[in-house]
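Beneath this line is the structure, given in structure tokens, with notes to follow.
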Amino acid sequence: MSTPAPARATAAPAPATGRAAALLVSALGVDAAVVVRSPGRVNLIGDHTDYNDGLALPLAIDRELVLAMAPRDDDRVRLVSERDGVVHDFALADLVSGVVEAVARWPSWTTYVQGVLRQRWVEPDDGARPRGLDAAVASDLPEGAGLSSSAALELAVGRAAAVVDGTHWDPSAAARDGRRAENEWVGVATGIMDQLAVAHGRAAHAMALDCRDATWTHVPVPDDLDVLVLDTGARRSLVGSAYDDRRHDCEDAVARLGVASLRDVDDLAALADLPAALRARARHVVTENERVRVVAAALRAGDLAELATAMRASHASLRDDYEVTGPELDTMAALANETPGIVGARMTGGGFGGAVVALAHPGEVDVEEMVARYREVHDLPAEVLVVRPADGTSLVDVVGSG
Ligand code: GLA
């Protein structure tokens, strides 16, 4: 029935390194002193657990963003992205507390850069020296697909900034800076999963992540499984959205239960006295933590039946108990889970729009057919990427002394 088809849109993208460096020259007239690559991430299982001190199983992917940068002698920052070629210009001094409303004037991608620079240089806790910079960004990560292009950018800025101010590169500290940039400057109350995955990813591995203490173990992803990202083409911003509502529900449940976090709940019976809506939210978090343990063990053991069951159950829980899926993600996950060659599929990331992640037998999935069936239901530019687990944010090049 299924014809092994060359997966659509899966050819390795042209390296963004050359594009970023060329853009820095053409748009800002300077040569790159530092070039950084920074991957996106996809989460195999464990969503909406990170801000509940819970467990997740993300991996950094071989689709990445590249930042080419040159330090300046003053405190100005000039930024340009290949997406539109527009140059944005501000001073570090603009990024002081109390001018957060200024964010509204900026295109969203530049606010992640601002947030990280503010974290490092405007409110420094390590004596880091404020210094302006020119930077150009090129990316092979689709925006809004739930692949954490924002965390990739935050970590890229952190890595480049460490070269400029001469501090030791500490990926965990940079991950924390990135999260604080999102929470306190961009205004999205996200957890730490994305930044840790982008900072500490390892080729051929996923990360079994414990967000309570930000620790992890790398779990090999078997060679005979493909990781597919099924982008629904639906885009919904998390800013000011139901994401915050879900966090508040969890905080409400925690207060009523008298626990430090939902991570402390192992027994669903403990949720019995919660109002039904809060009970459902908490039930998702408690059961999702358990599914992360199951999938990490199943990956190690090569137990595909366990993988499939847990991934499907995760999607159902995110749909029914946590209510963060939506029609496009539900259609894509259902189609994927009945497509020959796919082991298991579920929505990944924050939800509402974005992508489904699937584990699949290489060469056995008729991707064209799956996308065509999806598009019979939703007239959106869906696409399928085959991604490979990749290393976390790293330097590509440092030229001269900077
Ligand atoms: C977004 C957030 C993460 C996490 C996921 C859901 O990606 O940035 O911190 O909460 O949603 O798992």
Side-chain angles (χ1 to χ4, degrees), residues 38-61 108-109 111-112 115-116 141-155 175-201 206-212 214 216 229 231-232 234-251 261-263 281 284-289 291-292 295 311 314-315 317-319 321-326 329 346-357:
S38 196
R41 72 95 188 91
V42 68
N43 189 23
L44 291 182
I45 196 157
D47 274 311
H48 292 277
T49 48
D50 62 351
Y51 53 82
N52 287 301
D53 281 356
L55 306 177
L57 194 63
L59 49 96
I61 61 174
S108 65
W109 75 271
T111 62
Y112 294 97
V116 172
L141 279 170
E143 270 172 45
L147 299 179
S148 288
S149 54
S150 50
L153 179 59
E154 291 154 18
L155 269 292
R176 288 193 296 275
D177 279 353
R179 181 191 181 182
R180 285 188 63 189
E182 290 206 21
N183 292 175
E184 296 172 18
W185 185 254
V186 180
V188 200
T190 51
I192 191 72
M193 168 178 69
D194 303 343
Q195 290 81 4
L196 284 177
V198 168
H200 291 287
M207 290 170 70
L209 191 60
D210 185 336
C211 298
R212 177 150 60 186
W216 63 89
V229 173
D231 181 359
T232 62
R235 298 288 182 259
R236 307 231 165 89
S237 167
L238 294 182
V239 180
S241 73
Y243 188 94
D244 282 349
D245 297 342
R246 297 300 181 277
R247 280 198 71 131
H248 291 141
D249 285 350
C250 292
E251 286 160 13
S261 78
L262 289 176
R263 176 65 181 282
R281 303 290 190 246
H284 164 71
V285 176
V286 173
T287 58
E288 186 82 346
N289 283 334
R291 285 185 288 269
V292 173
V295 168
M311 289 180 84
S314 172
H315 188 90
S317 178
L318 288 155
R319 180 189 63 213
D321 278 350
Y322 219 67
E323 298 182 275
V324 291
T325 57
L329 285 167
R346 57 178 286 283
M347 65 147 266
T348 183
F352 306 107
V356 162
V357 64

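Note that the numbering runs from 1 along the sequence shown for the chain. Counting starts at 1 for both ligands and their atoms, following the listed order.
One N or O on the side chain of Asn289 and one on the backbone of Leu55 form a donor-acceptor pair closer than 3.5 Å. Counting only distance, with no hydrogens or angles, the side chain of Arg246 and the backbone of Tyr322 share a donor-acceptor pair below 3.5 Å. Side-chain N or O atoms of Arg41 include none that pairs as donor or acceptor with a backbone N or O of Leu196 at under 3.5 Å.
Applying the 4.0 Å criterion to heavy atoms of Thr190 picks out, from ligand 1, the atoms 2 (C), 8 (O), 9 (O). Interface atoms of ligand 1 facing Gly191, defined by a heavy-atom separation under 4.0 Å, are 9 (O). Counting atoms of ligand 1 from 1 in the listed order, those under 4.0 Å from a heavy atom of Arg41 are 7 (O). In the vicinity of Tyr51, heavy-atom distances shorter than 4.0 Å reach the ligand 1 atoms 10 (O). Here is the list of ligand 1 atoms found below 4.0 Å of a heavy atom in Met193: 4 (C), 5 (C), 12 (O). Close approach to Gly349 involves these atoms of ligand 1, each under 4.0 Å from a residue heavy atom: 5 (C), 6 (C), 11 (O), 12 (O). Below 4.0 Å from some heavy atom of Asp47 lie the following atoms of ligand 1, by number and element: 6 (C), 12 (O). Near Asp194, the atoms of ligand 1 lying under 4.0 angstrom from a non-hydrogen atom of the residue are 1 (C), 2 (C), 3 (C), 7 (O), 8 (O).
When only interatomic distances are considered, the shortest N/O to N/O separation between Thr49 and ligand 1 does not fall below 3.5 Å.
A salt bridge links Glu323 with Arg281: the closest approach of a Lys/Arg side-chain nitrogen to an acidic carboxylate oxygen falls below 4.0 angstrom. Using a 4.0 Å cut-off between charged side-chain N and carboxylate O, Arg291 and Glu288 make a salt bridge.
Across all their heavy atoms, Ala206 and Leu44 have their closest contact at CB-CD1, 4.1 Å. Residues Leu141 and Ala152 approach most closely at CD1-CB, 3.9 Å, considering heavy atoms.
A heavy-atom separation below 4.0 Å is not found between Gln195 and ligand 1.
Side chains of Asp210 and Trp216 form no contact here, defined as non-hydrogen atoms less than 4.5 Å apart.
When the options Leu196, Val188, Asn43, Asp50 are ranked by their closest heavy atom to atom 9 (O) of ligand 1, first place goes to Asp50.
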